[in-house]
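What's counted below: heavy atoms across the whole structure, side chains too, no hydrogens, waters or symmetry copies.
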Amino acid sequence: MTDHNATVFQNSGFEREIKGGRGPWIERTYAKGATAIAAGLVCAIGATDGLAAPYDPANAELDQVKGVALADSAAEAASVNLLVLGTVNRGALKVGAAAPTTAQLLALEDRHIYAVG
């Protein structure tokens, strides 16, 4: 008998932690400004500049959810990968430094991103 090391639909450790359930998931790459974005952070697209940034419900510029960051993106990085449709692990989600509120989870559901677990 031979050993097999084939991999089907491999995800990084961060993606496994962020993505929840069995999928399907849709992820897209968005340009971002000079802001570091941590894995699991809920993100928005700036209304004026069109760049991905941390979601901020108190800021009219960044109050529309776009997706959830799948991996850390350093401040000097030009882009960030966001999950824009699918399921995410509830425990990995962040809005700023805090867990999302019920209203923020509903905003994610409006984008067809569902928190599980």
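- In this structure, the separation between CG on N81 and SG on C43 is 11.0 Å, given to the nearest 0.5 Å.
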T48 and E61: CA distance, side-chain angles, deciding distance, side chain to side chain contact (heavy atoms under 4.5 Å, CB included) verdict: CA-CA 7 Å; T48 304; E61 173 79 9; 2.8 Å; yes

Chi angles and distances behind the side chain to side chain contact (heavy atoms under 4.5 Å, CB included) call for K94, V42: CA-CA 6 Å; K94 295 175 275 194; V42 178; over 6 Å; no

Test log, rule side chain to side chain contact (heavy atoms under 4.5 Å, CB included), inputs Q64 and Y55: CA-CA 7 Å; Q64 298 296 312; Y55 167 70; over 6 Å; no

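- Residues L83 and I18 have side chains not in contact (no heavy-atom distance under 4.5 Å, counting atoms from C-beta outward).
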Residues D63, D56; criterion side chain to side chain contact (heavy atoms under 4.5 Å, CB included); working and verdict: CA-CA 5 Å; D63 67 348; D56 182 357; over 6 Å; no

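- V88 is not listed as a side-chain neighbour of V116, based on a closest heavy-atom distance of 4.5 Å or more.
- L82 belongs to a hydrophobic cluster whose other members, connected by ILVMFWY side-chain contacts under 4.5 Å either directly or through intermediates, are I26, Y30, I37, L41, I45, V80, V84, L85.
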Could you list the donor-acceptor pairs under 3.5 angstrom formed between side-chain atoms of residues 105-115 and any protein atom two or more places apart in sequence or on another chain?
unit_1, atom_1, unit_2, atom_2, d
R111, NE, V65, O, 3.4
H112, ND1, Y114, OH, 3.1

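- Taken together through direct or relayed side-chain contacts under 4.5 Å among Ile, Leu, Val, Met, Phe, Trp and Tyr, L70 and L93 form part of one hydrophobic cluster.
- The heavy-atom pair separating A39 from D72 by the smallest distance is N-OD1, 2.7 Å.
- Between V95 and P100, the shortest heavy-atom contact is CG2-CB, 3.9 Å.
- Checked against side chain to side chain donor-acceptor pair (under 3.5 Å), T102 has no partners two or more places apart in sequence or in another chain.
- Here NZ of K32 is found 9.0 Å from CG of L51. Values are rounded to the nearest 0.5 Å.
- For the pair T35 (side chain) and P54 (backbone), a donor-acceptor distance under 3.5 Å is absent.
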